[in-house]
Participant: 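Before anything else, here's the structure in question.
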Amino acid sequence: MNQTNSVTVERIEPKSRHFFDESVIQCVWNPKENQCAAITADGGLHLTTQADFRNPLSVAAHECGVHRISWSPDGLHLASAGQDGVVKIWRSQTLLKVAEFCISKQWVEHLAWQSPTKLAACSGREAFLIDLEFSDVIRIAQEPSTINGIAAAKNGDFVLITNGRAFRVSCTQGNVSLSGVFEYPEAMLTLALSPNSHFAAIGCQDSAARVWTIAVDNDAVQMSGHDQKVEVLGWSSKGEQLAIAGGAQLNIWSFIGLGPRHTKPLELFGHRDTIRSLQFAPLQRHLASVDKSGMLCLWDLARGIQTPRAAALNSAEFYSCSWSHDGRFLVTGDAEGSMCLWDFQRKDHG
């Protein structure tokens, strides 16, 4: 691990660990409660809490495998999307299935909640809006190439990315309209909206990211120089910083004041293989990131130091990491089926 300025990197261990039979593909904390949902490669959906981490509640969600899970904004429901073309809605406390929508014959790969009763789902070249209250599904986009990401803006619009184009879709009283566009010849791989929905950060195939001001057509800042294609992005809770990972390279760009134009990022050194997932802690100064080699890094960005504050080395590749809504706990999932709970409440991480 690279170290500068004689910084001591603390070795950390998980507070608790649970093993599943298959890889843990994704884990996501409830935005309102201390409960975490996870999906495994065998199609299982699992729910656990900090108080009872070793005894998760589990259901067989999708026979052909689960691609994505996403909590509703109020934390009362959980959506899952699978290879069977189905979106299912589960009650947060019990994992009781409350609704099921078959939207495609293809895999459903992306989900985005617009409100506690409405969410969008993408399958192949199409995107759909699901209304839970009326059990209704309408198509909101049909593109010439695959839709690679979708996110809901604060005003209710959706931002979508494809192979070469990003755009906004407005859905009002059943009417669907295109309201903005950003075009770029390279494939757009991943999408993250800033908390105020002013910017759309887009990771691209050409080892760079673009940050599009979504109110203005084709207005974007380029952030280049990564080791590999950019597939991992994350905004801080107030939108003041953007983390971009391409390969093992992790850069932090500042959006304070005039923003990142004509500036250089803070380069972070510690990962030795492709970064799989990253997330800023809510309302705190910390960033967590995990990589293909099994490295977990905790960064204290308030100190402006380029090496991790703390780190852990896992025996298997990490796939996912997620912070609890209060910023105390982190959950990770890996290729061996291990889900770990990390407690960062200690004073030295405060």
Side-chain angles (χ1 to χ4, degrees), residues 1-2 4 9 26-29 149 151 159 161 188-204 206-212 220-257 259-261 263-293 295-312 318-324 327 330-332 342 344 349:
M1 179 181 297
N2 239 340
T4 60
V9 180
Q26 185 189 11
C27 44
V28 184
W29 280 93
V159 177
I161 59 171
M188 300 181 183
L189 305 176
T190 189
L191 168 70
L193 287 191
S194 62
N196 63 4
S197 299
H198 185 62
F199 298 110
I202 303 167
C204 300
D206 62 351
S207 303
R210 274 83 189 168
V211 177
W212 172 37
V221 180
Q222 177 175 311
M223 298 165 176
S224 58
H226 293 275
D227 295 335
Q228 300 175 22
K229 57 188 177 182
V230 175
E231 296 185 283
V232 183
L233 302 166
W235 290 93
S236 61
S237 59
K238 295 182 179 179
E240 295 177 342
Q241 294 175 306
L242 172 66
I244 301 176
Q249 185 174 347
L250 179 55
N251 292 344
I252 309 297
W253 292 84
S254 174
F255 279 74
I256 299 174
R261 291 184 187 271
T263 65
K264 293 183 178 181
L266 174 66
E267 297 182 55
L268 303 183
F269 300 99
H271 286 289
R272 57 193 186 188
D273 209 333
T274 302
I275 296 169
R276 292 301 196 196
S277 179
L278 61 81
Q279 191 177 48
F280 282 91
L283 304 177
Q284 293 188 31
R285 65 195 186 190
H286 291 123
L287 171 72
S289 55
V290 294
D291 72 21
K292 188 176 178 180
S293 74
M295 177 74 72
L296 161 66
C297 292
L298 179 71
W299 311 90
D300 186 348
L301 299 180
R303 300 195 301 173
I305 297 175
Q306 294 174 285
T307 52
R309 179 76 176 270
F318 281 118
Y319 285 153
S320 179
C321 66
S322 178
W323 287 98
S324 61
L330 183 79
V331 161
T332 57
W342 310 80
F344 292 108
H349 293 130

Participant: Is the shortest distance from a Lys or Arg side-chain nitrogen in Arg272 or Asp291 to a carboxylate oxygen in the other one below 4.0 Å?
Facilitator: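 Salt bridge flag = no for Asp291 with Arg272.
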Participant: For Gly304 versus Leu266, what's the shortest heavy-atom pair and its separation?
Facilitator: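 Answer, listing the atom of Gly304 first, then Leu266: O-CD1, 4.2 Å.
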Participant: What are the two closest heavy atoms between Ser322 and Cys27, and how far apart are they?
Facilitator: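 Of all heavy-atom pairs spanning Ser322 and Cys27, the closest is CB-O, 3.2 Å.
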Participant: Got a second to check how far Ile161's CD1 is from Leu191's CG, nearest 0.5 Å?
Facilitator: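 One gets 5.0 Å once the value is rounded to the nearest 0.5 Å.
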Participant: Evaluate the side chain to side chain contact (heavy atoms under 4.5 Å, CB included) criterion for residues Val159 and Trp212: first the C-alpha distance (whole Å), next the side-chain angles of each, then the deciding distance (0.1 Å), finally the verdict.
Facilitator: CA-CA 11 Å; Val159 177; Trp212 172 37; 4.2 Å; yes
Participant: Could you list the residues that satisfy side-chain hydrogen bond (donor to acceptor under 3.5 Å, both in side chains) with Trp299, not counting sequence neighbours?
Facilitator: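 So Trp299 forms a side-chain hydrogen bond (donor to acceptor under 3.5 Å, both in side chains) with Ser289.
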Participant: Nearest 0.5 angstrom please: Ser277 OG to Leu296 CG, how far?
Facilitator: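 These two atoms lie 10.5 Å from each other.
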Participant: Starting at NE2 of His271, measure out to OG of Ser293 and round the result to the nearest 0.5 Å.
Facilitator: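 Reported to 0.5 Å precision, the distance equals 8.0 Å.
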Participant: Specify the closest pair of heavy atoms between Ala248 and Ile275, including all atoms of both residues, with the distance to one decimal.
Facilitator: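 Between these two residues, the closest heavy atoms are O-CD1, 3.8 Å.
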Participant: Measuring from atom CZ of Phe280 to atom CD of Glu240, what distance do you get when rounded to the nearest 0.5 angstrom?
Facilitator: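 One gets 10.0 Å once the value is rounded to the nearest 0.5 Å.
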Participant: Please examine the side chains of Phe344 and His286, heavy atoms only from C-beta on, and report whether any two atoms are closer than 4.5 Å.
Facilitator: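 The answer is no; the side chains never approach within 4.5 Å.
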Participant: Are Met223 and Asn251 side-chain neighbours, meaning at least one heavy-atom pair lies under 4.5 Å?
Facilitator: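 The answer is no, as the side chains (C-beta and beyond) never meet within the 4.5 Å cut-off.
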Participant: Between Cys204 and Val230, is any pair of side-chain heavy atoms under 4.5 Å apart?
Facilitator: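 Of all side-chain heavy-atom pairs linking Val230 with Cys204, none is under 4.5 Å.
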Participant: Mind checking the CG-CD1 spacing from Leu268 to Ile252? Nearest 0.5 Å is all I need.
Facilitator: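 Those atoms lie 4.5 Å apart.
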Participant: How far apart are the closest heavy atoms of Leu330 and Trp29, and which atoms are they?
Facilitator: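 For Leu330 versus Trp29, the nearest heavy atoms are C-NE1, 4.2 Å.
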Participant: Side-chain contact test, heavy atoms from C-beta onward, threshold under 4.5 Å: evaluate it for Phe255 versus Val211 and give yes or no.
Facilitator: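 Contact flag for Phe255/Val211 side chains = yes.
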Participant: List the residues meeting side-chain hydrogen bond (donor to acceptor under 3.5 Å, both in side chains) with Ser197, not counting sequence neighbours, and say none if there are none.
Facilitator: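 side-chain hydrogen bond (donor to acceptor under 3.5 Å, both in side chains) check on Ser197 returns nothing, list empty.
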Participant: Check Val9 against Pro308 and note the closest heavy-atom contact, atom names and distance.
Facilitator: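 That would be CG2-O, 3.4 Å.
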Participant: Nearest 0.5 Å, please: how far is CD in Gln249 from OG1 in Thr274?
Facilitator: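 Thr274 OG1 to Gln249 CD: 12.0 Å, rounded to 0.5 Å.
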Participant: Using every non-hydrogen atom in the two residues, find where Pro282 and Trp323 come nearest and quote the distance to one decimal.
Facilitator: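 That would be CD-CB, 3.7 Å.
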